[in-house]
Amino acid sequence: MTNVERHAYDVVVVGAGGAGLRAAIEARERGMRTAVICKSLFGKAHTVMAEGGIAASMGNVNPHDNWQVHFRDTMRGGKFLNYWRMAELHAKEAPDRVWELETWGALFDRTPDGKISQRNFGGHEYPRLAHVGDRTGLELIRTLQQKVVSLQQEDFAETGDYESRLKVLQECTVTRILKSGQEVAGVFGYVRESGRLFVIDAPAVVLATGGIGKSFKVTSNSWEYTGDGHALALLAGAPLINMEFIQFHPTGMVWPPSVKGILVTESVRGDGGVLRNSDGKRFMFDYIPDVFKEKYAQTEEEADGWYTDPEHHRRPPELLPRDEVARAINSEVKAGRGTPHGGVFLDVSTRLTPEEIKRRLPSMHHQFKELADVDITAEPMEVGPTCHYMMGGVDVAPDTAEARGVPGLYAAGEVAGGMHGSNRLGGNSLSDLLVFGRRAGLSAARYAAALDPAARPVADQAEIDAAAREALRPFNGPEQAASQDTPEGAAGGAQAPAENPYTVHQELQQVMNDLVGIIRRGPEMEQALERLASLRERAGRAVVEGHRQFNPGWHLAIDLRNMLLVSECVAKAALERTESRGGHTRDDYPEMDRTWRKVGLLCTLTGPGAQAGAGAGADADSAADARVSVERRPMDPIRADLLDLFERDELLKYLTDEELG
Ligand code: FAD
C-alpha cells in the first residue's frame, strides 16, 4: 500500500487561474469546503499574462453594444461551430462578471466620464474590452486572490482557522482523477517541492488547468500549459470535443530566437497598429474573406477613417479574427515578402505618440526594449504566428459545466471546449473564465451538497496504488519499466535504451509545429501520428536521475503523458475534419464546408488502458496502451430566436439549406 498524505474536501478545483479561482470562490460562498490546487506558485497562473482585456458588452464606449451583438460576433468568430448556448450565456453574463470584479476591488481604466473604458479588438463590432493598460490579467488575478483572502478572513473570524473552508495548495501537480465506479472520488498528485504523494478525497472536481501550448515549439504559452486537464479528463473517461481547433495568434515575437513566440498583444492592432510586408504594402486588404467582405474597409483611407469616425467607416482588416490574420501573415512570409527574421512588420508608431504608446501599451514597450532592443514608439515590430489558445477541450454541459459521462467532474476556462467554436475572439477568454468558472463552482457545490455525506464515493486503494506506480515510474531504470509493462520485458528480451524526457519533449514540439501546425496536410498528419506513436513508446522509457525533491526532469516525464495524449487527439481530429474552418486550415481541403458545421469531433480513449465502457477510467498501469479514437457527433441545432439575430444571407454562408428550413 502506497504511503500518501490524505485530505478530504467537498470540492476540489484543479487550477488557480481565472477560471479556477472564480470556481473556488463560488463553491466556498455556497458553503462547501473547497481546496484549490495549482502546479505553479499561487498568483503565477497563465491568466496573469493576459494583456488586452475582458470582452463584455457594457456599451460604455459605444451604446449600440449589447449581448446580442456580442453573441453574433462570437458565433461569427467561431464560424458557427460554437456551442451556441455557451456563447449565449457568455454574452449575457459577461458584463455582470466584470462589474462584480469592480465590487471586489478591480480598477479598470476609465472613459473621460468615469465609466469602465473599453477598447477595440479583432472580430468585435464595437469597443468591448475592459482593460487595465495591457496588464488586464494581472489585475484580474490580483482581484480574485484578494477575494480569496477576504473569504479566508471571514472564515477565521468564525472558526479561528483561515483555511477551514478555502485552502490553497500551491506547487502541487494532480496526475489522476480518482473514481469510484462511474463517479468522481477525488484527485491524486504530488508536491513539487518535496515529491510527496497526496490524495484529496472529494466528490466534486473542477478542472481549470488551462491549455496545451507546450506541445508546440513556437508558443505564447508558459511552462504550465502541458494539457494536463485535457488528459486527466480523457483518462477519467470524459470525452474531449473539437481538439483540431488551435488558435495561432498572428502576432508573436519572431526574434531574437530565445523569445520567439512571446505574445504581442492584439491591443497593438486595436489601438491602430498596421501590418506591412517587406515591400511596405499594407497587405491585409488582400486577405478579407468573402464572409467578412461587407464588414471590413476595402481601402487604407476608409480603414484610417474608422479610428476617428467608426459610425461612417468600416473596420480595418488588421482587425479581422485571428485565424484570418495569422494565415495572411503566413502566406506573405511564404511568398518571400517577410521581414529579415521571418515575420511581417507591425507598426503603431505612426498612429500614436510615444507618450500614448507608453501609457496604453506599457508592457509591449518594455518587452520589445528589453528583449529585442526595439523602441516601438519609433520603429516597427517584427511579428509572426505563435501557438496561443486551445479551442478544443472537455465536452461540458453548457449550463452546468459538467463533463459529459463522469458525474462529479466539471471543467471551466481554457480546458473546457465548445464555447469558442473553431476560433476564439480576443478578450473572450477572460470573460469565459469568469462566466463559466462561476457556473462550474456553483454546479460542483450543488452536486456535493446533494450527496449523502455517509455515502460519498471513496477511491479504491488499488487505484491509488496504480496512480503512485505511474507517477514514480520515471525513477525506475528501463529494465524495471519494461518488466512492469510487458511479460517480454520480464523474460529478459533485448532492452530498448532509456530516454531523456527533455529530448522526447523537444521532438514532440517539432513534430506538432512542423506537421500539425498552422497549415495542415493529410499525409503530414499521418506522418505525425506515426511519429507520435513512436514518441509515446519512448516516453514510456523516460528515466530521470536524482531524488523526488524538486526534480524538473521528473515533472516533465509525467507531463509528457499528457502532452502526447493531447497531441494525438489534435492530430487525429485534424486528419478527420476534411475542411478548413477557424483554427484548422487544411491545404488539401481549403474551403469551409457547410455540412461539416453540423459535426463535432469527440475524442475518447479506447484499448486496454482505457477500460472504455466500464466507466472506471483508464487504468494507471496500462495508460500507455490506451489509444485515442475520434467519433463524429451531430452539433445541437441553433435555437431559432438566436438564428433570428442574423441576416439570412449571412446564415447561408454557414448553415445548410436543410438547417435553414
Ligand atoms: P490558467 O490561468 O492557465 O490557469 C491554469 C492553472 O492550472 C494554473 O494555476 C496551473 O498551475 C494549474 N494547473 C495546470 N495543470 C495542473 C495540474 N496538473 N495540477 C495542478 N494544477 C495545474 N485572453 C483574453 O481574454 N484576453 C487577453 O487579453 C488575453 N491575453 C493573453 C496574453 C497571453 C500572453 C496569453 C498567453 C494568453 C492570453 N489570453 C487572453 C488567453 C487567456 O489568458 C487564457 O486563455 C486564460 O488565462 C486561461 O485561464 P484558465 O483559468 O483557464 O487557466
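Start at 1 and go down the list; that is how both ligands and their atoms are numbered.
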>> Please classify the L129 to ligand 1 contact at 4.0 Å (heavy-atom distances, strictly less than): side chain, backbone, both or neither.
In response: neither

> Can you tell me the protein heavy atom closest to atom 47 (O) of ligand 1 and the distance?
Replying inline: T47 OG1, 2.9 Å

>> Suppose I only count heavy atoms of S40 and a 4.0 Å limit; which atoms of ligand 1 are within that range?
In response: 11 (O)

> Do you see a donor-acceptor pair shorter than 3.5 Å between the side chains of T219 and K260?
Replying inline: no

>> Which residue and atom name correspond to the protein heavy atom nearest atom 24 (C) of ligand 1, and how close is it?
In response: L430 CG, 3.5 Å

> Going by the atom numbers of ligand 1, which of them fall below 4.0 Å from some non-hydrogen atom of E414?
Replying inline: 44 (C), 45 (O), 48 (C), 52 (O)

> Y9 ring centre to R33 NZ or CZ under 6.0 Å, with the angle to the axis within 45°?
Replying inline: yes

>> Does atom NZ (K147) have a neighbourhood of more than 12 heavy atoms from anything else shown, all under 6.0 Å?
In response: yes

> Relative to ligand 1, is H420 under 4.0 angstrom through side chain, backbone, both or neither, heavy atoms considered?
Replying inline: neither

> By number and element, which atoms of ligand 1 are closer than 4.0 Å to a non-hydrogen atom of D228?
Replying inline: 15 (N), 16 (C), 17 (C), 18 (N)

> What part of L433, side chain, backbone, both or neither, has a heavy atom within less than 4.0 angstrom of ligand 1?
Replying inline: side chain

> Tell me: protein heavy atom nearest atom 9 (O) of ligand 1, and distance?
Replying inline: A16 N, 3.0 Å

>> Looking at K92, I'd like to know if its NZ atom is crowded, meaning that more than 12 non-hydrogen atoms belonging to other residues, nucleotides or ligands lie closer than 6.0 Å.
In response: yes

> Looking only at heavy atoms, is any part of S267 under 4.0 Å from ligand 1, and if so is it the side chain, the backbone, or both, or is it neither?
Replying inline: neither

>> Considering non-hydrogen atoms of the protein only, which is the closest contact for atom 43 (O) of ligand 1, and what is the distance?
In response: A50 CB, 3.6 Å

>> Which residue and atom name correspond to the protein heavy atom nearest atom 37 (C) of ligand 1, and how close is it?
In response: H388 CE1, 3.3 Å

